[in-house]
Protein chains: 2
Amino acid sequence: MLRETKKKQTKEAIMKHAIKLFKQKGYENVTVEEITIACGIAKGTFFNYFPKKEHILLHVTDTYMDLLNEIVHKHQEGTLRDRISHIFHDLLQIYLKHFDLLRFTLEETMRSAIRSETGSTNIKRFQETLSTLIEKEKNNASFPKRWESDKVAAILVGIFFHTIINWSSDVDKEKMMEMIQQQLDIVWEGIE
Amino acid sequence: MLRETKKKQTKEAIMKHAIKLFKQKGYENVTVEEITIACGIAKGTFFNYFPKKEHILLHVTDTYMDLLNEIVHKHQEGTLRDRISHIFHDLLQIYLKHFDLLRFTLEETMRSAIRSETGSTNIKRFQETLSTLIEKEKNNASFPKRWESDKVAAILVGIFFHTIINWSSDVDKEKMMEMIQQQLDIVWEGIE
DNA sequence: ACCAAAAAATGACTGCAGTCATAATTGACC
DNA sequence: GGTCAATTATGACTGCAGTCATTTTTTGGT
């Protein structure tokens, strides 16, 4: 299957060069033609692999999805409450570190979620990851069974995204984590 | 001041015709030129009023912001917990009713929040509205003072947006409200 | 090694958002 | 009501995303 391997190579080449250029010049200042020239292919070929320029960004998220699993895996000890905090902390660090690229990725993630072009959005995958994490904890009896893991995960994801969307302009990283932390505290202890 | 009134008229005309066309044909199938022709002005004039096509959508939100205040005003009786539920219920109804237009508006709202083109995003304004609502309740001593209204509002907004983003594909309106409701319950009563 | 069908690459082409130099309109002042 | 500076309108123009008819490459069969 020469064809298959070549296709994979081309796709990866496009992504590699695209991301490199995005980081260099910013997403909006990079044209599709530029990317294809960097790859040594014709402009039209790009669209055989990605239906829109933006779709590269969705695939970028896939890479970071792996990272999410790593992070979740890294924080196994302690209470669920602490573990979630640590996970969010690490995620936030990554987001802020690669902010220039990832904010466009975030934008695209939101867009595709709203349009629901794909059944399974990256946000939903994030939520599922947290959901299974919580579900496991339930079996350890260290988590109240009356709440559906799914819904709790939804709240947590909501907090995370809402915070990074609304405060990513803020340069003060510590403050952002503090915001998330305080919201988590409220959720854990309950308002009333 | 003929000039001022004329400017306002033109701006409103653009918005009126634009929205009408968006509803008819969908945001993406309407060109800027089409809008200007409907208004009887030249294409270039459009960009004297809105820097980008998408910016009309941000102004659409302004209209719905007024609606938000009405809704908040409508639900004065009962506990805060119930009031919030009712407010979210009404908001969701509006969102779903005008879904075809509002999902693009939502998209744009998210975009501008992430890019933080404007200091005060519509999301932040929503949050502030809820925050003052909660703050008032604090003074009535019917709300625990230990939590900052701001943070509680942030959680609530997070729940609302995350839900509509991730489930707006779902046609089942009742289910969506149920999702929000259940998340609110958890937040109110606390996880632990 | 040759052939035909399927898959993939190509780049000229189209359509639209957004720009900008120029033209028309307005208001303030005499 | 005539003059001029400031504001606003205009539409030809530019640049880029995305399309598509055509060409090139790959593959499996003989």
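Worth saying up front: this structure is predicted, and the values here are computed from it rather than measured. Letters A, B, ... are given to chains in the order of the sequence lines, protein chains preceding strands, and every chain is numbered from 1.
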Which pairs would a plain distance check flag for residues 84-95 of chain B, meaning a side-chain donor or acceptor within less than 3.5 Å of a matching protein atom at least two apart in sequence or in another chain?
from	atom 1	to	atom 2	distance (Å)
B/Ser85	OG	B/Arg81	O	3.3
B/Ser85	OG	B/Gln181	OE1	3.1
B/Ser85	OG	B/Gln181	NE2	3.3
B/His86	ND1	B/Asp82	O	3.2
B/Asp90	OD2	B/Lys74	NZ	3.1
B/Asp90	OD2	B/His75	NE2	2.8

- If a pair satisfies side-chain hydrogen bond (donor to acceptor under 3.5 Å, both in side chains) and one of its residues is in residues 14-27 of chain B, list it, with sequence neighbours excluded. B/Lys25-B/Glu34
- Query: Which residue pairs pass the salt bridge (Lys or Arg N to Asp or Glu O under 4.0 Å) test when at least one of the two sits in residues 91-100 of chain B, sequence neighbours left out?
  - Reply: none
- Note on the structure: Contacts of A/Glu33 meeting side-chain hydrogen bond (donor to acceptor under 3.5 Å, both in side chains) (sequence neighbours excluded), chain-then-number -> none
- Message: Does the protein touch nucleotides 16-21 of chain C at the base, only the backbone, or not at all? Give it as B, S and - per nucleotide, heavy atoms under 4.0 Å.
- Response: SBBB--
- Item | For atom NZ of B/Lys8 and atom P of D/dT8, their distance in whole Å | 13 Å
- Tell me whether the OP1 or OP2 atom of D/dA9 has a side-chain N or O from B/Tyr49 closer than 4.0 Å. yes
- Message: Side chains of B/Gln183 and A/Lys151: any donor to acceptor distance under 3.5 Å?
- Response: no
- Task: With heavy atoms under 4.0 Å as the rule, sort A/Phe50 into base, sugar-phosphate or nothing.
- Result: nothing
- List in numerical order all residues of residues 15-23 of chain B for which some heavy atom is under 4.0 Å away from an atom belonging to DNA chain D. none
- Message: For the residue pair A/His55 / A/Glu108, report whether a side-chain donor-acceptor contact shorter than 3.5 Å exists.
- Response: no
- Message: Using the side-chain heavy atoms of A/Lys6, tell me which of these nucleotides is nearest: D/dA9, D/dT26, C/dA9.
- Response: D/dT26
- Whole angstrom is fine here: how far is it from CD in A/Glu4 over to P in C/dA6? 17 Å
- Task: Compute both the distance and the angle, then confirm whether B/Lys52 meets the cation-pi test with B/Phe47: under 6.0 Å from the six-membered ring centre, within 45 degrees of the axis.
- Result: no
- Report yes or no: does A/Lys138 contribute a side-chain atom to a donor-acceptor pair with the main-chain N or O of A/Trp147 at less than 3.5 Å? yes
- Message: If I take atom CG in residue B/Asn29 and atom C1' in nucleotide C/dG15, what distance separates them, rounded to the nearest angstrom?
- Response: 13 Å
- May I have the distance from A/Lys11 (atom NZ) to C/dA8 (atom P), rounded to whole angstrom? 12 Å
